[in-house]
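Report on one structure; see the data block that follows.
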Protein chains: 2
Amino acid sequence: MITIKEIAERASVSRTTVSRVLNNNGYVSEDVKKRVLKVIKETGYIPSENAKSLRTKKTKVIGVILPKISTETSSRLVKGLDEVFAKEGYQILLTNTNLVPEKEIEYLRLLKSRHVDGIILSTTIINQPLVEEISQLKIPFVTVGQQISKISNVLFDDYQASKDLVNLMIKKGYKHIAFIGVHEEDRSVGYLRKAGYLDAMKEINLPIEDCWVQQGIFDVDSGYHSMREIVKNSKQKPDAVLAVTDRLAIGAMQYIKEAGLSIPDDIAVAGMGASELSRFVSPSLTTIDFSMEEVGLEAADLLLDQINGRNTHEKIRKVEYRLIERSSI
Amino acid sequence: MITIKEIAERASVSRTTVSRVLNNNGYVSEDVKKRVLKVIKETGYIPSENAKSLRTKKTKVIGVILPKISTETSSRLVKGLDEVFAKEGYQILLTNTNLVPEKEIEYLRLLKSRHVDGIILSTTIINQPLVEEISQLKIPFVTVGQQISKISNVLFDDYQASKDLVNLMIKKGYKHIAFIGVHEEDRSVGYLRKAGYLDAMKEINLPIEDCWVQQGIFDVDSGYHSMREIVKNSKQKPDAVLAVTDRLAIGAMQYIKEAGLSIPDDIAVAGMGASELSRFVSPSLTTIDFSMEEVGLEAADLLLDQINGRNTHEKIRKVEYRLIERSSI
DNA sequence: TAGTTATATGGAATCGATTCCACAAACAAA
DNA sequence: TTTGTTTGTGGAATCGATTCCATATAACTA
């Protein structure tokens with residue numbers, strides 16, 4: 001490994017001067033500058049970011065904590081983040097909790113030990129130890145998708161989005177609307193989207209049978225099974241179903257088709273998330289486009305504001321969603 | 001920021017001793033050890049990885065260069081990589097070239113400046129400057145998806161996979177098989193998959209009309225347009241089409257359906273990549289499952305071997321693929 | 001011409017860890 | 001008792017950069 005010391009020797013100057021050339025600051029004569037640059041080019045010298053950041057306290061690295069790699073949501077988020085950060089010369093250090101809550105705290109410490117300039121946290125479940133750990137960190141910090149008080153957030157209006165879909169169904173004449181959700185520990189996807197559904201139904205006094213409201217997990221099979229439960233156990237068969245993710249909706253569609261029913265004539269279906277799948281299943285799926293990429297952009301902006309000491313008062317940014325009407329309703 | 005020096009003072013020992021406790025090596029009396037650990041716990045001290053790696057020359061960070069974030073291929077690859085690396089205490093530093101070739105060299109240098117312990121490169125086009133830059137790096141290195149001589153590779157047999165699909169079509173009685181590829185600069189997806197198609201056709205002397213062989217880019221629309229070209233311009237209409245990616249295949253399917261033709265009765269379709277889409281489009285798409293996740297696992301293993309100075313002779317590892325027969329053929 | 005100021009460079013401290021080496025005490029073997 | 005070994009601890013150098021401060025000219029200004 002070639003170091004600044006060697007460059008200094010070869011160019012017969014001090015390390016100080018080489019550093020000045022490198023960072024283009026302080027006084028350096030044209031002559032010396034040329035000489036140093038020549039040696040740098042000849043040797044292929046690349047300064048150690050590591051040594052640099054030990055001194056400057058800046059790493060130009062952003063830590064990102066994801067609940068799962070390899071989901072459309074995560075990869076779109078990362079795309080948005082990278083778009084902003086790369087432009088500003090930041091790299092992304094990726095960590096993946098695989099939905100194990102203890103890993104979140106472990107990775108927060110790890111990122112701190114690596115002196116990242118900021119952290120983006122995407123999580124599904126928030127608990128007290130996590131919130132405490134975060135507040136102790138003293139590192140620029142933004143969460144996405146979930147609200148944590150006193151911390152910068154980028155969010156959707158999950159409640160209203162869910163309500164909008166139910167209202168759309170109601171407008172189209174559906175009255176017996178079932179619901180496939182996830183565990184309410186996940187406040188955004190589990191709790192708020194369910195609340196939106198319940199309130200929309202309540203507002204015009206549509207009755208809900210108990211078995212219409214199912215709880216699944218984040219995959220296609222779970223949507224299939226939930227739909228089966230709904231169809232099999234309900235006295236009044238529903239004429240529509242809202243699922244809180246596209247995958248669940250697609251599972252539900254599979255069951256409906258297998259049961260020899262038609263979509264949307266017998267049962268209409270809506271999902272949420274605007275996954276790529278939703279465009280290409282048949283019938284194409286009505287869904288909500290949450291634009292995770294934009295969340296990434298916004299979150300990156302918020303974090304950069306904190307890093308650069310601007311706008312630290314702003315805490316919450318809501319990203320608009322878009323209802324995509326297709327043929328499943 | 002609390003440092004080792006402060007811990008040393010508070011525990012009335014030297015920094016050396018604190019370091020010994022931290023790394024659990026050298027002689028330390030039980031008494032002193034307890035005292036130091038107590039102070040560490042009280043203060044919430046987290047050692048600086050940065051300072052550590054300046055001295056030890058190990059960062060426990062792996063650089064990953066992707067051609068595009070937010071594709072199923074990339075995210076599955078990263079998932080496989082992370083699975084292995086996280087277990088061994090490595091983190092992933094992500095960079096994204098967005099298919100801009102110069103970015104690859106830029107990021108190679110950047111990763112070197114950050115002293116990553118190893119690099120995984122996923123690229124689509126290989127050129128000479130890139131190969132030269134890599135060989136100068138002297139960092140453990142593995143490429144995936146594309147073969148570069150003298151460098152460790154994890155690959156698929158793209159040629160044979162393509163041939164298998166064509167042979168399957170032939171076995172099922174299709175004779176007029178069209179092809180939608182991509183630019184041959186991409187040796188694996190563009191060149192080899194096309195060669196597999198051409199050779200399979202040649203081996204049993206099936207003629208190919210010029211306009212049956214189209215070149216698209218990596219998206220759905222491009223598959224749609226290519227298929228239109230094929231159908232509109234061919235004298236003998238093809239009864240099957242092989243696309244080198246699922247997206248292209250799905251685009252082709254869209255056109256075929258719009259043209260009022262049936263899949264697979266009028267035209268059979270095959271894709272490659274086993275995207276999630278392929279399962280859920282209708283009819284479901286026959287495709288090749290390349291298992292990018294396994295590529296990630298293998299690539300991570302190979303890289304760790306290099307980092308730990310094992311098995312440096314092994315260069316190429318081929319990952320098996322699996323033909324998934326569905327209803328589109 | 002003396003006194004400032006701008007320009008140019010280097011010495012040495014610093015960042016926060018690890019690690020080599022020296023040294024002392026405790027213990028065992030001769 | 002002497003010698004050798006194990007155990008326990010700290011001083012100081014080191015990693016590769018940045019940066020404060022000192023110093024020396026050169027170039028203005030009064």
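Side chains included, hydrogens not; waters and symmetry mates left out as well; all remaining heavy atoms used. First the proteins, then the strands, lettered A, B, ... as listed; each starts at 1.
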Check your understanding: Picking from A:R317, A:Q306, A:K315, what satisfies side chain to side chain donor-acceptor pair (under 3.5 Å) with A:S152?
Key -> A:Q306

Review point. Is A:E320 atom CD crowded by more than 12 heavy atoms from other residues, nucleotides or ligands, each under 6.0 Å away?
Key: no

Check your understanding: A:K112 side chain to A:L137 main-chain N or O, any donor-acceptor pair under 3.5 Å?
Key -> yes

Check your understanding: When you measure from every atom of DNA chain D, which of residues 23-39 of chain B have a heavy atom less than 4.0 Å away?
Key -> B:Y27, B:V28, B:S29, B:V32

Exercise for review: Flag the pair B:F85 / B:L303 as yes when at least one side-chain heavy-atom distance between them is below 4.5 Å, and no otherwise.
Suggested key: yes

Study note, to complete from the structure: Base-paired stretches in DNA chain D with three or more consecutive Watson-Crick or G-U pairs, both distances under 3.5 Å, amount to C:1-30 with D:1-30

Review point. Looking only at atom types and distance, does a side-chain atom of A:R35 sit under 3.5 Å from a main-chain N or O of A:A11, one as donor and one as acceptor?
Key: yes

Exercise for review: Give me the residues of residues 1-13 of chain A where at least one heavy atom lies under 4.0 Å from an atom of DNA chain C, by number, or none.
Suggested key: A:S12, A:V13

**Study point:** Backbone N/O of A:T59 and side chain of A:D117: donor-acceptor pair under 3.5 Å
**Key:** yes

**Study point:** Nucleotide range of DNA chain C lying under 4.0 Å from chain A heavy atoms
**Key:** C:dA6 to C:dG16

Review point. Within a reach of under 6.0 Å around NZ of A:K33, are more than 12 heavy atoms found that belong to other residues, nucleotides or ligands?
Key: no

**Study point:** Polar contact flag, side-chain donor to acceptor under 3.5 angstrom, A:S14-A:T17
**Key:** yes

Review point. Looking at A:N153, A:T123, A:T124, A:D186, which hits side chain to side chain donor-acceptor pair (under 3.5 Å) with A:Q146?
Key: A:D186

Exercise for review: Can you sort out which residues in residues 51-60 of chain A have a heavy atom within less than 4.0 Å of DNA chain C? Ascending by number, please.
Suggested key: A:L54, A:R55, A:K57

Exercise for review: Classify the nucleic acid contact of B:S48 as base, sugar-phosphate or nothing, counting any heavy atom under 4.0 Å across all strands shown.
Suggested key: sugar-phosphate

Review point. Excluding sequence neighbours, so at least two apart, what forms side chain to side chain donor-acceptor pair (under 3.5 Å) with A:E42?
Key: A:K38

Exercise for review: Count the heavy atoms of every other residue, nucleotide or ligand shown that sit under 6.0 Å from CG of A:N25, and state whether that count exceeds 12.
Suggested key: yes

Revision key, fill the gap. Comparing B:E49 with B:R20, nearest DNA chain C nucleotide closer to 5' gives the residue B:E49

**Study point:** B:N98 and B:K103: CA distance, side-chain angles, deciding distance, side chain to side chain contact (heavy atoms under 4.5 Å, CB included) verdict
**Key:** CA-CA 8 Å; B:N98 259 316; B:K103 288 262 170 188; over 6 Å; no

Review point. Going by atom types only, do A:N50 and B:K52 share a side-chain donor-acceptor pair under 3.5 Å?
Key: no

Check your understanding: Between the base of D:dG8 and the side chain of B:T17, is there any donor-acceptor pair under 3.5 Å?
Key -> no

Practice item. Among B:L110, B:V61, B:N96, find the one that has a side chain to side chain contact (heavy atoms under 4.5 Å, CB included) with A:Q91. Key: B:L110

**Study point:** Flag if over 12 foreign heavy atoms under 6.0 Å of CZ, A:R109
**Key:** no

